[in-house]
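Throughout, a chain's letter reflects where its sequence line sits, starting with A, and its residues are numbered from 1.
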Amino acid sequence: MLRIVLLAVVAIGFAGLFLRRNLIFKVLALDIVTTGVVSLFVYQASTSGRRPPIVEAGTSLQGYADPLPQAVILTAIVISFALLALLIVYIMDISRTCKTLEADCIERKVQK
Amino acid sequence: MTVVAAAVLFPFFAAVTALLISSLRSLVLPLGLLPSLILALADGGRFFHGTVLRLEGPLGVALLPDETARLMILLSGLVGLGIWVWMRRNRRVTSRFCPLALLLVGSCNAVFISYDLFNLYVGIELVTVLGFLLIRLEGGARQIWTAVKYLLLGNLGMTLFLLAVLRVYTVTGDLRLSAAGEVTLPVVMLLVGGLAVKGGLFVLGLWLPEAHGGAPSPVSALLSGVVVLTGVIPILRLAAVCLNLPPVVQMTGGLSVVLGIVLALRERDVKRLLACSTLSQLGYVLLCPAAGVYFALGHGLVKAWLFLAAGDLPDKRIDRLRSMGLSLPDRLAFALPCLVLAGLPGFTVWSAKALILGQAGVLIAGFVKVTSLLTAFYLLRPVTGRFAWGEPVPLRWPPFGVLFFIIALTTTAFSVPSSSLPTLMPLVTLVIGGAAARRMPFHPALSVLPPWERLDHLMGCAVAATLILYLTGGMLS
């Protein structure tokens, strides 16, 4: 069930990426897609159990979350944050010269 | 293992040092590239032995230092060095370019040697960010907009890739690239789709002409020569692992070749023409996955050379170049790398093409021959225009940058394990292509950006093509 909800989040993000004209909303939609994918990784980690994967010696391994997806996805979170920051800075720069945030308008103006 | 990892990591170390110590900045590019270059040249199967290594235990990042990785590290080092030599002559070495370019080459090397799906994702995202920063290094709003489009597209592709990586991990519990052989074909197709956006293949790579054509020439050289391969080489590795994949990959490659030629025929700007030809030539790499890496090596070197030569041309518009009466040295400086790319005997592209022809069937061989002719035709059009019969210009001794690329291409040419090396057929192709370029009238399209290169269409094409790949995978399995 949760997996379907998360896939729906990814799909909504894609829809926003295509349907929104405003660049800021496009970037936010891209962030929603990434967040959806990250959540899917976290969900995948929790299928084997929900206890935080800090195992003490001598206990059984039942019921712990899978540490590997959690560990790798941390990198993806950092990367997507960095990309978001870069994109927003440069979109700000463009909007200052073009006086608009609409993708089509910018496309026409920078060609001149 | 430590030696290989150190050679890959040294560029990062050198670049960061140079960012801290400003007097090092313009020299850091050749210094930082030397260790990996020496390792790739001097290695006799000792370090690049082709067995999977794991950093730090059974869950660590997997590396595969094999012949493919060696050739690609050699390519990135040579291209970086060639660009530096070229910029040195033109006195265009800037302290901002060198550390960034070195970081970019370092992350490309990390992608080439990586055998771990998640590590590939990290490496390719790093490449995207650095490419973004380099594209917008010089220039105004247009460059920034191109760079933003590049970043959005690259990120979109890698998000699709990440979805597929999750699927691979769920099914196999492993993140090594070989795990992709155990999942169903649609998931592999999703991986390929994400990588193809980055690699600039078929309609997924329509962003390529604007990004590579709009960047400063040395940056275009790096992007077209090395960076696109960070998407293509993992596809080759996947094709070696997944049994059903090669036919689809070959099909995509063939379509990419044709699309690139069609786009190139209507192009008016020299640098955009070269970027279209990158889109087309990368198709050859996929046409014969087993021999592709040699072609990628040859193409990367020539394409870097071509972009640098295009930066020295007096004008960027093909119709102007054809009518202005170029001097002979200018003409030769651009025509020579064009001929090499179209398959002039004695250079790497020629011997790699011979290898492809030797391994492929009749159908693919015929396709390669016809498209080579068209390649010679569209590449030579800028420099086969009106001759100016005025003052005879003395032929100069070729500058150091040109010699560097000639030596690099001739020395690597004969390391390609090709059984037969035809010389007559490529020469005939070049002569016919050149004559056609001279005779045929040139009617370029208008200089406005074609509609399919708007942001929405680019993203739409990329996602739609990935979906089609996904569904094709479903039908084939």
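For the side-chain contact (heavy atoms from CB on, under 4.5 Å) test with B/N155, the passing option among A/L83, A/L84, A/D31 is A/L83; the others fail. Each of A/V33, A/L40, A/V37, A/I79 was checked for a side-chain contact (heavy atoms from CB on, under 4.5 Å) with B/L162, and the lone residue meeting it is A/V37.
Using a 4.5 Å cut-off between heavy atoms, B/L458 does not touch chain A at all. Only the side chain of A/R21 comes within contact range of chain B, judged by heavy atoms closer than 4.5 Å. The contact between A/L17 and chain B is made by backbone and side chain atoms together, counting heavy-atom distances below 4.5 Å. Using a 4.5 Å cut-off between heavy atoms, B/E453 touches chain A through its backbone atoms (N, CA, C, O) alone. Looking at A/A76, the atoms closer than 4.5 Å to chain B (heavy atoms on both sides) sit in the backbone and in the side chain alike. Neither the backbone nor the side chain of B/L126 comes within contact range of chain A, judged by heavy atoms closer than 4.5 Å.
Side-chain atoms of A/V72 and B/Y121, non-hydrogen and from C-beta on, never get closer than 4.5 Å to each other. Annotation: side chain of A/L68 is not in contact with side chain of B/F118 (no heavy-atom distance under 4.5 Å). Using a 4.5 Å heavy-atom cutoff, the side chains of A/T97 and B/W145 are not in contact.
In terms of heavy-atom pairs under 4.5 Å with chain A, the best-connected choice from B/T128, B/V148, B/L151 is B/L151.
Heavy-atom minimum distance, A/E107 versus B/R454: OE1-CA, 3.4 Å. When all heavy atoms of B/G460 and A/F18 are compared, the closest pair comes out as N-CE2, 3.6 Å. Closest approach of A/A103 and B/L455 over heavy atoms only: CB-CD2, 4.4 Å.
Note that CE of B/M459 and CZ of A/F14 are 10.0 Å apart. Values are rounded to the nearest 0.5 Å. In this structure, OG1 in A/T75 is found 11.5 Å from CD in B/E125, a value given to the nearest 0.5 Å. Atom CG in B/D456 sits 3.5 Å away from atom NZ in A/K26 (nearest 0.5 Å).
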*Could you go step by step and tell me if A/Y43 and B/L166 meet the side-chain contact (heavy atoms from CB on, under 4.5 Å) rule?*
CA-CA 11 Å; A/Y43 170 77; B/L166 175 66; over 6 Å; no
*Just do the side-chain contact (heavy atoms from CB on, under 4.5 Å) check on B/I144 and A/V110 with the steps written out, would you?*
CA-CA 9 Å; B/I144 296 180; A/V110 296; over 6 Å; no
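Atom OH of B/Y470 has 12 or fewer neighbouring heavy atoms from other residues, nucleotides or ligands inside a 6.0 Å radius.
When atom types are taken as modelled, the side chain of A/Q44 and the backbone of B/T170 share no donor-acceptor pair closer than 3.5 angstrom.
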